[in-house]
Protein chains: 2
Amino acid sequence: MTSDLLTRLRTRDWRLSAQRRAVAQVLVGEHVHLTAEQVHDLARERLPEISRATVYNTLNELVAMGELLEVDVADGPKRYDPNVVERHDHLVCEGCQAIRDVPRAGPPPEIAERARGGFLVTGVEITYRGLCPACARRHRATGDRRGTAGDEMVTVP
Amino acid sequence: MTSDLLTRLRTRDWRLSAQRRAVAQVLVGEHVHLTAEQVHDLARERLPEISRATVYNTLNELVAMGELLEVDVADGPKRYDPNVVERHDHLVCEGCQAIRDVPRAGPPPEIAERARGGFLVTGVEITYRGLCPACARRHRATGDRRGTAGDEMVTVP
DNA sequence: GTATATGCAAAGCATTTGCATTAAA
DNA sequence: TTTAATGCAAATGCTTTGCATATAC
């Protein structure tokens, strides 16, 4: 499976309109986690007449097709992640809501049988919270505690 | 620290109105992950005149005080988790959106230095996805694949 | 040519806010 | 008595929908 969304879409039986192409083109790259509104803005740079409704429709279709991941790890509107090929987790900055993909570092902890209560587990998502370099700097400078209240410190190798 | 929300709130300097008490009383128990609307409905059984705005205000205050956790792991509106004392993760049913708390089973995987890209990691959240016993049964019965598309199977001990 | 995608504008939730009234301390 | 919380209703933000028109195949 190619890691390129456009290439995969061409091999699918999916009507490729100018609008859908514009949306797909915007969703290329690493650490891309755009909101629907951001996708709309960027797509309009390529195709000024594309409507908000079409962007929402297209994003929902791509998600249903498994070509796009919905991520809801930060405040505000949902974000869309085109990285469906490599298993990865998310690192979210509590200061500026920036998101980075990080490769899955190892097997996630396994839940004991009794704690599962009969649930069948089919997948695991891991979200790391923290501060990006810029926000960490500002944080140290101002002594501001926003974004870390209640968080445990995690040992970093 | 007591595990009881009401008890903790009494020791805090927080005006305890009938409305706030009703909200806090609703938020007692294990595996409680109510939406704001559900909190409103249940609180109204105790105090019929409580308004939606007050429920939202109160929930936001409790979250800001660290007495309540906002969880956004399922479709639809945010849910509120009163279990702030024990570190735990969430097990979410893809069929009916039910949520169970599960104790943290072990240390989460550690992100390699280079993958962190200068981020300071301060916390980790783990969400297990799957099917609750009832939905798993229905799923086997109907051959329905809803809720598991794209998920990897995780070995269960 | 026909099925399907688009754009528009309106509707739909979830949530927040401004402000006059009410109640806690 | 003073300060802060409540309720209402209106506003906001994000997302979906109905339907007539345009377009890919």
Side-chain angles (χ1 to χ4, degrees), chain A residues 6 9-27 33-65 67-81 97 99, chain B residues 6 9-27 33-65 67-81 97 99:
Chain A
L6 263 319
L9 291 179
R10 258 180 244 114
T11 72
R12 283 206 177 231
D13 156 27
W14 195 53
R15 284 201 183 186
L16 202 36
S17 65
Q19 290 84 340
R20 288 174 170 187
R21 189 162 21 244
V23 168
Q25 284 171 335
V26 153
L27 291 169
H33 304 93
L34 300 168
T35 64
E37 201 56 43
Q38 290 172 325
V39 171
H40 188 209
D41 289 344
L42 292 169
R44 259 191 303 198
E45 291 177 7
R46 295 167 180 270
L47 191 69
E49 67 271 30
I50 189 173
S51 73
R52 209 199 315 285
T54 294
V55 170
Y56 275 101
N57 288 340
T58 304
L59 292 173
N60 286 338
E61 281 155 16
L62 290 172
V63 170
M65 290 160 70
E67 297 290 357
L68 196 55
L69 256 28
E70 233 175 51
V71 301
D72 206 2
V73 293
D75 287 346
K78 277 184 293 224
R79 288 158 190 280
Y80 294 90
D81 181 347
Q97 311 287 312
I99 304 175
Chain B
L6 263 321
L9 291 178
R10 259 182 243 113
T11 73
R12 282 203 177 233
D13 155 28
W14 196 53
R15 284 201 182 185
L16 201 36
S17 65
Q19 289 83 340
R20 288 176 171 185
R21 189 160 22 242
V23 168
Q25 284 170 335
V26 154
L27 292 168
H33 304 95
L34 300 168
T35 65
E37 201 56 42
Q38 290 172 325
V39 171
H40 188 209
D41 289 343
L42 292 170
R44 259 192 303 198
E45 292 177 6
R46 296 169 180 270
L47 191 70
E49 67 270 31
I50 189 172
S51 73
R52 209 197 316 281
T54 294
V55 169
Y56 275 102
N57 288 340
T58 304
L59 292 173
N60 285 339
E61 281 155 16
L62 290 172
V63 169
M65 290 160 72
E67 297 290 358
L68 196 55
L69 256 28
E70 233 175 51
V71 302
D72 206 1
V73 293
D75 286 348
K78 277 184 293 226
R79 288 159 189 278
Y80 294 90
D81 181 347
Q97 311 287 312
I99 305 174

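Lettering follows sequence order; numbering is per chain, from 1.
What separates CD of B/Glu70 from P of C/dA14 is a distance of 15 Å, to the nearest Å. If you take CD of B/Gln38 and P of C/dT15, they are 11 Å apart, rounded to a whole angstrom. Taking atom CG of A/Leu34 as the reference point, atom P of D/dC14 lies 15 Å away to the nearest angstrom. To the nearest angstrom, P of D/dC14 lies 11 Å from CZ of A/Arg79. Distance, A/Lys78 NZ to D/dG13 C1': 13 Å, rounded to whole Å. Summarising the geometry, the separation between CG on B/Leu62 and P on D/dA5 is reported as 12 Å, rounded to the nearest angstrom. Rounding to whole angstrom units, CG of residue B/Asp13 and C1' of D/dT3 are separated by 12 Å. One can place CG of B/Leu59 at 11 Å from C1' of C/dT15, the figure rounded to the nearest angstrom.
Two residues are said to be in side-chain contact when any heavy atoms from C-beta on lie closer than 4.5 Å; B/Val26 and B/Tyr80 fail this criterion. The shortest side-chain heavy-atom distance between A/Glu70 and A/Leu68 does not fall under the 4.5 Å cut-off. Using a 4.5 Å heavy-atom threshold, the side chains of A/Asp41 and A/Leu34 count as separate. Counting heavy atoms from C-beta outward, A/Thr58 and A/Val39 have side chains that stay 4.5 Å or more apart.
Interatomic distance, CG of B/Leu69 versus CG of B/Leu62, reported as 11.5 Å (0.5 Å rounding).
Dashed line: the shortest gap from a side-chain N or O of A/Asn60 to OP1 or OP2 of D/dT15 is not under 4.0 Å. Between B/Tyr56 and C/dT16 there is no side-chain polar atom (N or O) within less than 4.0 angstrom of OP1 or OP2.
The minimum heavy-atom distance linking A/Arg79 with A/Ile99 is given by the pair CD-CD1, 3.4 Å. The heavy-atom pair separating B/Arg20 from B/Arg15 by the smallest distance is NH1-O, 3.0 Å.
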Atom pairs, protein N/O to nucleotides 5-12 of chain C N/O, distance under 3.5 Å:
residue: C/dA5; atom: OP1; partner: A/Arg20; partner atom: NH2; Å: 3.2
residue: C/dA5; atom: O5'; partner: A/Arg20; partner atom: NH2; Å: 3.2
residue: C/dT6; atom: OP1; partner: A/Ser17; partner atom: OG; Å: 2.7
residue: C/dT6; atom: O3'; partner: A/Gln19; partner atom: NE2; Å: 2.8
residue: C/dG7; atom: OP1; partner: A/Gln19; partner atom: NE2; Å: 3.1
residue: C/dG7; atom: OP1; partner: A/Glu49; partner atom: O; Å: 2.9
residue: C/dG7; atom: OP2; partner: A/Ser51; partner atom: N; Å: 3.0
residue: C/dG7; atom: OP2; partner: A/Ser51; partner atom: OG; Å: 3.2
residue: C/dG7; atom: OP2; partner: A/Thr54; partner atom: OG1; Å: 2.8

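When each of B/Leu16 and B/Gly76 is assigned the nucleotide of DNA chain C with its nearest heavy atom, B/Gly76 is the one assigned upstream, toward the 5' end.
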